[in-house]
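Below: the structure, in C-alpha cells.
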Amino acid sequence: MGGHFEGGISMSQPDLETMRHSASHVMAEAVLKLFPEAKLGIGPAIEDGFYYDFDLPRALTPEDLERISALMVESIKARHPFIRQEVSREEALALFANQPYKLELIREMPEGEVITIYRHGDFLDLCRGPHIEHTGQIPVDAFKLLNTAAAYWRGDEKRPMLQRIYGTLWPSREELLAYLAHLEEIERRDHRRLGKELDLFSLHEEAGAGLVYWHPKGGRIRQQVEDFWRQRHREGGYEILYTPHIGRAWLWETSGHLGFYRESMYSPMDIDGQDYYIKPMNCPFHIMIYNTQRRSYRELPLRWAELGTVYRYEKSGVLHGLMRVRGFTQDDAHIICTPEQIEDEILEVLRFSLSLWRAFGFEEIQAYLATRPEKAIGEPARWEQALQSLRRALLAEGIPYEVDEGGGAFYGPKIDLKIKDALGREWQMTTIQFDFNLPERFDMVYIGEDGQEHRPYMVHRALLGSLERFFGVLIEHYAGAFPLWLAPVQARLIPIADRHMAYAQEVCQRLAAAGMRAEVDRSGDRMNAKIRAAQLEKIPYMLVVGDREASSGQVSVRLRTNEDLGAMSVEAFIQRATALIAARDNRAL
RNA sequence: GCCCACGUAGCUCAGCCGGUAGAGCACGUUCUUGGUAAGGACGUGGCCAUGGGUUCAAAUCCCAUCGUGGGCUCCA
C-alpha cells in the first residue's frame, strides 16, 4: 500500500534514486558518530526516500533523529566526495571485521564477484553503488528523517531485530513540503479517524481485536453496497447462496484446510463430542451444495455467490482498522464450469469486476498474474490452459498487468487486481483464482455430452474482496464525502427557527417517501451551527427552511461543496436528487 | 508473533521528578428564534486500560496482561 506520490514532481532529476541511496550512507555515517558501536544492516533507496537498518545498544528516540539529522547536515555541508574502491574478498572481510551483518553479506557473495566499497568522509560501506559525486549534492533542506521502526535482519522473523530509520528526500524543498503535505492528507483521510468522526464503525479492545462493529451510518452505506452488489450479480447470472458459519472437522479435512490452512483457523469447538471449526473460507460449503445432485453439463456454468462472513486468525501485529481484521465478509463466488467454458467465464469475471470498480468510482486498476509455484498440484497442462485463459482475459480487457512468477497458490494460478485510490495508493482487493484442488478432494463431477463423468473447473473470486476492507478504501478514497447514492444521510433539513420545524418535518417525509435518506436537525443550535455540523458530516444536501420557504413550499439548497443553489420547489429538488441517485452518479450533487 | 512507543471524561489532549484529576469539543438545562461553517450562561460526566508490585502515599515508578500506533513478516 505504498503511496505513489507524483504531484508535480520532476523525476528527471539526475538520479533521485542515487541521491537517496547516498543519503542513506550519510545517515549511517551520522548514526555511527552517535553510536560508534552500531552494527550496520543495509540501507537502500526506496520509493519516496531511503532507510538504513542498525543494530543499536538502545532504542532510538525522536531526539536522536534530530541529532542524526543535524549531523547529516554537517556532512552534506562538508561536501565529502564519494570514493569507489574495488577490494578483494580478504580485504573486505578485514575492513568489516567488526560489522557482522556486512560480513554475512560478503561471505554470501559468489566467487569472482567484484566487491566494491564506498567511502565518504571517514565513513565506509560495503556497497554496489552507484553514488553521487559528493555529499554536497544532497539538497540540504529537502530531506527529512520521518520515523523509526523495527525490521528483522533480512526480513526473517527468526533473525535479530534491527532498528530502521526512514527518511524522505526530494530534489527541492518545495517538493519535500509537497510530499509532507501529501502525508498529512493521507492522515486526514485515514479511515480509522473518519470512521470515528462520521460515526461509521468501531472496534473494541474489550470485545476482541480485529472485530468490526458497523454503526447505523456505516450500516446504511453497507446496505447500499450490498443491494447494488446483489443487483449486479443477479444481472450477471449469479445465484445467491447462504451457508453456515461453522462446519465439522470432516469438511475441513476433506477440503485440506486443516492441512494447509490450519494456522489461520481458530481452535475447534466441541459440539456433541465432535470438532466444529468456524469457517475461514466459503468454498467447501458451496461444494457441498454442488454435490447434492447429479450435475449435467447442460446446467453449467454455475455461478454461485455469497456475502460470506469468515474468520481468520491474523497475528496481532498486523491488524489495522478495517483493512486487516479477523472477521470479515467476502463478496465471494465460485464458478463451476466445463473446460470449454472456462475462458469465457474468466473474461466475464474480469469484465464484471472492472465494471463494479468503475461503478464505485475507481478507474485505475493494475493486474498481477500469478503463475505456478514450485510446489503445486494439478497437471502442468491444466495449469497452462488456465494461465492462458487468464492472460487472454487480461489482454482482451487491455488492463496493464505484471507477471508474478511462481506467485500462484499451490492449487491454481490467479489474477489479483490492485485498485488505485484518489491518492494514488494501491490496494489489493480483487482475486480470481483457479482451483485444481477442491474439485478433486470433493470428487466433484458432472456428466458430459458423452454420458461420462468429468471433473469441472472451479474458479474462486472475490471482487470487492471483503466488505470491511472495501469500506475502508471507500472512506479514504472519498475522504468521507461519499457519493450521493451511498451517503448515509443524503439531505438534512435545517429549520431556521423552531417554528419551521413542522415544515421541515413535512419536507423530510416527502423526501423519505421519494426513497431518500433525509433527516431534520432538531438541535437548539442556530442555523449557522447547524450548517457547520452538516458540513462536517459531509452531508451532500443542506436544505434550509425558514419563513420564505415554508410559505412558498420551497427549500433552499446548499451543497457540501459550499455551493448555494438557492430556493427551489421541493418537487424540483426531489427530481434533481433522485435522478442523480438512480444514476449512481459518483460526483454530481 | 517480533521491536519500539502509547493507553487520563463520548472525542482530541494536558497533568506524570509520587501527595487520590483538568481544558476544548460533544452532551444536558436555560436564555436567545437566529438566513448559509461555531450566540450566551449554567451543569452532568473519569475506578486515570486491566492485574500485581514498590511506597506512609501511585494517574505518575516497576512488572505482567490486553489493546492501539509505527514497522517487519503475512494476507481479503
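Below, chains carry the letters A, B, ... as their sequence lines are ordered, and counting in each starts from 1. The model shown is predicted, which means the values in this text are computed figures rather than measured ones.
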Original post:
Is a donor-acceptor contact shorter than 3.5 angstrom present between the side chain of A:Q433 and the base of B:A76?
Top reply: no
Original post:
Just by distance, do the side chain of A:K279 and the backbone of A:Y311 share a donor-acceptor pair under 3.5 Å?
Top reply: no
Subject >> Distance test, side-chain N/O of A:Y313 to OP1/OP2 of B:G1, below 4.0 Å >> reply: yes
Original post:
Looking across every strand, which nucleic acid part, if any, lies under 4.0 Å from A:T430 by heavy atom: base, sugar-phosphate, or nothing?
Top reply: nothing
Original post:
Using a cut-off of 4.0 Å on non-hydrogen atoms, how would the nucleic acid contact of A:A529 be classed: base, sugar-phosphate, or nothing?
Top reply: sugar-phosphate
Original post:
Under 30°, 30 to 60°, or over 60°: which ring-plane class applies to A:F352 and A:Y238, parallel, tilted or perpendicular?
Top reply: parallel
Original post:
Just by protein heavy atoms under 4.0 Å, how would nucleotides 60-73 of chain B read 5' to 3' in B, S and -?
Top reply: ------BSSSBBBB
Original post:
For the residue pair A:E397 and A:L354, what are the closest heavy atoms and their distance?
Top reply: OE1-CD1, 3.8 Å
Original post:
Which part of the nucleic acid, if any, lies within reach of A:Q428 when heavy atoms closer than 4.0 Å are counted: base, sugar-phosphate only, or nothing?
Top reply: sugar-phosphate
Original post:
Looking for any heavy atom pair under 4.0 Å, which part of the strands does A:D331 touch: base, sugar-phosphate only, or nothing?
Top reply: nothing
**OP:** Scan A:K530 against the nucleic acid and name what it touches under 4.0 Å (heavy atoms): base, sugar-phosphate only, or nothing.
**Re:** nothing
**OP:** Could you please name the option among B:G35, B:U33, B:A76 that lies closest to any side-chain atom of A:A497?
**Re:** B:U33
Original post:
How do A:L536 and A:R499 order along RNA chain B: which one's closest nucleotide is nearer the 5' end?
Top reply: A:R499
Subject >> Heavy-atom donor-acceptor pair, A:D498 side-chain to B:U33 base, under 3.5 Å >> reply: yes
**OP:** Please check if atom CD in A:E263 has more than 12 non-hydrogen atoms from other residues, nucleotides or ligands closer than 6.0 Å.
**Re:** yes
Subject >> Polar side-chain contact A:E549-B:G35 base: donor and acceptor under 3.5 Å >> reply: yes
Original post:
What is the base-pairing partner of B:U68, counting Watson-Crick and G-U wobble geometry with both distances under 3.5 Å?
Top reply: B:A5
**OP:** Report yes if a side-chain nitrogen or oxygen of A:K158 is closer than 4.0 Å to either non-bridging phosphate oxygen (OP1 or OP2) of B:C2; otherwise report no.
**Re:** no
Subject >> Who pairs with B:G43 - Watson-Crick or G-U, where each distance is under 3.5 Å >> reply: B:C27
Original post:
Taking any strand in view, what nucleotide pairs with B:U73 in a Watson-Crick or G-U wobble way, both distances under 3.5 Å?
Top reply: none
Original post:
What nucleic acid atoms does A:V325 come within less than 4.0 Å of, heavy atoms only: base, sugar-phosphate, or nothing?
Top reply: base
Original post:
With a non-hydrogen cut-off below 4.0 angstrom, is A:Y51 in contact with a base, only sugar-phosphate, or nothing?
Top reply: nothing
